[in-house]
Amino acid sequence: QVQLVESEGGLVQAGGSLRLSCAASVHTFSRYAMGWFRRAPGKDPDVVAAISGSGGSTYYADSVKGRFTTSRDNAKNTVYLQMNSLKPEDTAVYYCNAGRIFGSHYSPYDYWGQGTQVTVSL
């Protein structure tokens, strides 16, 4: 079992920055790749970033490439999502997930954080 607890999101103006964290309660955290998903109103959730268990490989959706950075600290069982140059279209509920990576494809396990709202205003 993997329990994931996300930090609070928030309201930020366009162009601003926000960092999310996700703490995992599991003894083998480094065995899991971690992904960040977001669900915008009326849309299906999409993966926006993923990171391998070692942290050596990262993947990003085209919509956030160059603006978002994911990282992890395996000693702290925590993964981060640094979001810069935020846009109104980044408004969504963000979820962290534990899963695995095949090639460049992230496959989620059914371990999810509780979700946190990020709202970007004009």
| message | Can you tell me which residue among Asn77, Val2, Asp73 is in a side chain to side chain contact (heavy atoms under 4.5 Å, CB included) with Phe29? | response | Asn77
Donor-acceptor contacts, no H, no angles, side chain residues 12-24, under 3.5 Å, sequence neighbours left out:
unit_1: Ser17; atom_1: OG; unit_2: Asn84; atom_2: OD1; d: 2.9
unit_1: Ser21; atom_1: OG; unit_2: Ser7; atom_2: OG; d: 3.4

| task | Might you point out which heavy atoms bring Arg100 and Ala33 nearest each other, and give the distance in Å? | result | CA-CB, 3.8 Å
| What closest approach, in Å, do Ser85 and Asp90 show between heavy atoms, and which atom pair accounts for it? | O-OD2, 4.4 Å
| request: Anything under 30° is parallel, anything over 60° is perpendicular, the rest tilted; go ahead and classify Tyr111 against Tyr32. | output: perpendicular
| field | Residues, nucleotides or ligands: over 12 heavy atoms within 6.0 Å of Gln3 CD | value | no
| task | Using the rule that two of Ile, Leu, Val, Met, Phe, Trp, Tyr join whenever any of their side-chain heavy atoms come within less than 4.5 Å, decide whether Met83 and Leu11 are in one cluster. | result | no
| remark: residues 27-90 vs disulfide (SG to SG under 2.5 Å), sequence neighbours excluded, gives none
| field | Check: Ser63 main-chain N/O paired with Arg67 side-chain donor or acceptor under 3.5 Å | value | yes
| request: Identify which one of Ile101, Thr78, Leu4 satisfies the side chain to side chain contact (heavy atoms under 4.5 Å, CB included) criterion when paired with Met34. | output: Leu4
| request: Is it possible for you to say whether Val64 and Ile51 belong to one hydrophobic cluster, with membership spreading through side-chain heavy-atom contacts below 4.5 Å? | output: yes
| task | May I ask whether Val93 and Trp112 are part of the same hydrophobic cluster, defined by side-chain heavy atoms of I, L, V, M, F, W, Y residues being less than 4.5 angstrom apart, directly or through others? | result | yes
| said: Taking atom CD as the centre, does Glu89 end up with more than 12 heavy-atom neighbours from other residues, nucleotides or ligands that are less than 6.0 angstrom away? | reply: yes
| query | What is the distance from atom CG of Asp110 to atom CD of Gln1, rounded to the nearest 0.5 Å? | reply | 9.0 Å
| remark: Distance col, row Thr58:OG1 vs Lys65:NZ, nearest 0.5 angstrom, shows 10.0 Å
| said: Could you report the tightest heavy-atom contact between Gly113 and Tyr95, atom names first, then the distance? | reply: O-CD2, 3.7 Å
| message | Quick check on the hydrophobic clustering: are Tyr60 and Val118 connected, directly or via other members, by side-chain heavy-atom contacts under 4.5 Å? | response | yes
| request: Flag the pair Leu86 / Phe68 as yes when at least one side-chain heavy-atom distance between them is below 4.5 Å, and no otherwise. | output: yes
| said: For a quick test of reading the model, state the closest non-hydrogen atom pair linking Pro88 to Leu122 and the distance between them. | reply: CG-CD2, 3.5 Å
| remark: Between Ser52 and Gly56 the two heavy atoms that sit nearest each other are OG-N, 3.3 Å
| query | Between the side chain of Thr70 and the main-chain N/O of Leu81, is any donor-acceptor distance below 3.5 Å? | reply | no
| note | Only residue of Gln117, Arg38, Arg39 satisfying side-chain hydrogen bond (donor to acceptor under 3.5 Å, both in side chains) with Tyr94 is Arg38
| query | If every non-hydrogen atom of Tyr106 is compared with every non-hydrogen atom of Gly99, which pair is closest and at what distance? | reply | OH-N, 2.9 Å
